[in-house]
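In what follows, a single structure is set out as structure tokens and then discussed.
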Amino acid sequence: MPELPEVETICRGITPLIVGLSIAGIIIREPRLCVLIPADLSASLHGRTVLAVSRRAKYLLIHCSGDCTLLIHLGMSGTLRFFAEPLSCERHDHVEIIFDQGGRLRFRDPRRFGAILLSHGDPLAHPALAGLGPEPLSDEFTTDYLYRRSRQRTVAVKSFLMDQKTVVGVGNIYASEALHAAGIVPWRPCGTISRRRYALLVKEVRAVLLHAIEAGGTTLRDFQSAAGKPGYFAQELMVYGRAGDQCRKCGGEIQNIRIGGRSSFYCSGCQS
DNA sequence: CATGCGGCCTGGCAGC
DNA sequence: TGCTGCCAGGCCGCAT
């Protein structure tokens, strides 16, 4: 589910709801998601105040008092929702953070590919975050950077783009979308792409992500914001999930092939 | 080192 | 209706 726009949507959604609240406790029903055992996690968080919420790559960072940060990854199927009132929990409601002021943050993740980590000190130095590439919406993500990094490499440009060491936050949906917008066929070896085309790709990656954030993310099946609302970018997808349909730009037929084990969508009319 | 693939999990859906 | 197989937004570790 969640690529950068979805995580950003959650981040913006929960920030005004939980900043300033203090943590009364944490309920962990599925310990496999957490690196720390429940008792340790609970002890580490109890009594701390939420100072800020931010996003790095596809991780959500909940910054707490005492130099302690909760890192939450939503995996493929995770959602994070805030409830003002206690509600009975459902299947796959694995973790819940309860606040002294009332309200609770609930982490649901049917496929359990998500993770909850705890960082002391600088969260960006945490092993989960330390080796990641630049943020696509930052100044570090430039044509030169992508061009230089891709030289002498043979991986498909789509896999290159989805590699979180290249650039973070771009997953299967937005990689297909950005490559379509840039007119680049997804299987092209990344080392054979010109600087000029990378310039366009950088621009289109940024554009598609910003556009998706504005729409509140893409809801294919179960993504929802912290308030439980779906994202509206699905209706604006140009290629993802549209195999056999007409390209909205050129009328060609959208193709679906597998690259690096992932479904990849493109239009042979617009992309080369 | 770079690349490609299987595995981790469950649910939903198409096809029989 | 019910079963089977396949697919799914991510990422890690292993074999080549």
Side-chain angles (χ1 to χ4, degrees), chain A residues 1-11 29-35 55-60 71-80 90-95 107-117 126-133 136 148-179 186-192 205 208-209 212-213 215-225 230-244 256-265:
Chain A
M1 171 219 317
E3 302 181 33
L4 185 149
E6 290 73 38
V7 181
E8 183 65 28
T9 297
I10 300 271
C11 178
R29 303 187 183 89
E30 176 46 84
R32 280 178 291 180
L33 288 169
C34 308
V35 160
R55 179 193 57 73
R56 167 74 174 119
K58 296 174 191 168
Y59 286 85
L60 207 69
L71 311 182
I72 301 179
H73 196 292
L74 300 176
M76 284 280 248
S77 61
T79 53
L80 204 55
E90 293 175 30
R91 193 162 151 74
H92 308 305
D93 285 345
H94 300 312
V95 178
F107 181 51
R108 174 180 301 178
D109 184 15
R111 292 179 70 183
R112 287 190 255 153
F113 288 173
I116 298 187
L117 313 170
H126 189 280
L129 304 182
L132 295 174
R148 268 189 255 128
R149 207 180 154 89
S150 62
R151 292 309 91 178
Q152 318 286 47
R153 294 189 57 186
T154 59
V155 263
V157 61
K158 175 164 177 275
S159 303
F160 176 62
L161 201 54
M162 288 175 64
D163 183 344
Q164 303 297 294
K165 292 189 288 299
T166 303
V167 60
V168 301
V170 181
N172 207 30
I173 295 178
Y174 300 110
S176 277
E177 292 298 311
L179 287 166
W187 65 76
R188 181 172 291 272
C190 66
T192 69
V205 164
V208 72
L209 294 176
I213 291 169
T218 299
T219 297
L220 294 179
R221 172 171 290 121
D222 48 14
F223 171 72
Q224 47 185 21
S225 70
Y232 298 104
F233 197 68
Q235 57 205 75
E236 304 191 43
L237 295 173
M238 299 291 280
V239 290
Y240 186 87
R242 299 190 66 237
N256 179 11
I257 54 166
R258 290 192 90 74
I259 298 173
R262 312 297 299 276
S263 261
S264 308
F265 300 87

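Chain identifiers are assigned alphabetically (A, B, ...) following the order of the sequence lines, protein sequences preceding nucleic acid strands; residue numbering begins at 1 within each chain. All values below were derived from every heavy atom in this structure, side-chain atoms included, with hydrogens, water molecules and symmetry-related copies excluded.
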How far, in whole Å, is C:dC7 from B:dC5 if one measures between their P atoms? 14 Å
What one should report as the nearest heavy-atom pair of A:A243 and A:N256 is CB-CB, 3.7 Å
For A:R262 and C:dG9, is the shortest distance between a side-chain N/O and OP1 or OP2 below 4.0 Å? yes
A:S77 side-chain N/O to A:R111 backbone N/O, donor-acceptor pair under 3.5 Å: yes
Protein-nucleotide distance (A:N256, atom CG; C:dG9, atom C1'), rounded to Å: 14 Å
Between P of C:dC11 and CD of A:Q164, the distance in whole Å: 5 Å
Mind calculating the distance between CD (A:E30) and P (B:dC8) to the nearest angstrom? 15 Å
Looking at C:dG10, B:dT10, C:dG9, which one has an atom nearest to any side-chain atom of A:R111? B:dT10
Please state whether the rings of A:F233 and A:Y174 are parallel, tilted or perpendicular, taking 30° and 60° as the class boundaries. tilted
Kindly say whether A:T218 contributes a backbone atom to a donor-acceptor pair with the side chain of A:E6 at under 3.5 angstrom? yes
Side chain of A:T9, backbone of A:S225: donor and acceptor closer than 3.5 Å? no
Sugar-phosphate, base or nothing in reach of A:G261, heavy atoms under 4.0 Å: nothing
In terms of heavy-atom contacts, A:V239 and A:S176 come closest through CG2-O, 3.6 Å
Say you pick atom C1' in C:dC11 and the same atom in B:dG12; how far apart are they, in whole Å? 22 Å
How is A:R108 classified with respect to the nucleic acid when contacts are heavy atoms under 4.0 Å: base, sugar-phosphate, or nothing? nothing
Between C:dG9, C:dG10, B:dG4, which one does the side chain of A:K58 approach most closely? C:dG10
Between P of B:dG12 and CZ of A:R91, the distance in whole Å: 10 Å
Does A:H73 make a side-chain N or O approach to OP1 or OP2 of C:dC11 shorter than 4.0 Å? yes
Between which residue ranges does DNA chain C form stems of three or more consecutive Watson-Crick or G-U wobble pairs, both distances under 3.5 Å? B:2-8 with C:10-16, B:10-16 with C:2-8
Distance between C1' atoms of C:dG9 and B:dT3 (Å, rounded): 23 Å
Is there a donor-acceptor pair closer than 3.5 Å between any side-chain N or O of A:R151 and the backbone N or O of A:G191? yes
Nearest to the side chain of A:F113, which nucleotide is it out of B:dT10, C:dG9, B:dC8? B:dC8
A:R153 has its side chain closest, among B:dT3, C:dA8, C:dG9, to B:dT3
A:T154 side-chain proximity, nearest of B:dT10, B:dT3, C:dG10: B:dT3
Please state how far atom CG in A:D163 lies from atom P in B:dT3, giving the value in whole angstrom units. 9 Å
Over all strands shown, is A:S159 touching base, sugar-phosphate only, or nothing at heavy-atom distances under 4.0 angstrom? nothing
Keeping A:Q164 on the side-chain end and A:M162 on the backbone end, is there a donor-acceptor pair under 3.5 Å? yes
Would you tell me if any nitrogen or oxygen in the side chain of A:H92 comes within less than 4.0 Å of OP1 or OP2 on B:dC9? no
Taking B:dG7 as the reference, what is the distance to C:dG5 when you measure between their P atoms (whole Å, please)? 16 Å
To the nearest angstrom, how far is A:Y174 atom OH from C:dG10 atom C1'? 14 Å
Between CG of A:D109 and C1' of C:dA8 the distance, given in whole Å, is 13 Å
Check the distance between C:dG9's P and A:I259's CD1 and give it to me in whole angstrom. 13 Å
Looking at A:R221 and C:dA8, is any side-chain donor or acceptor paired with a base atom of the opposite kind under 3.5 Å? no
Donor-acceptor pair, distance only, cut-off 3.5 Å: does the side chain of A:T166 make one with the backbone of A:F160? yes
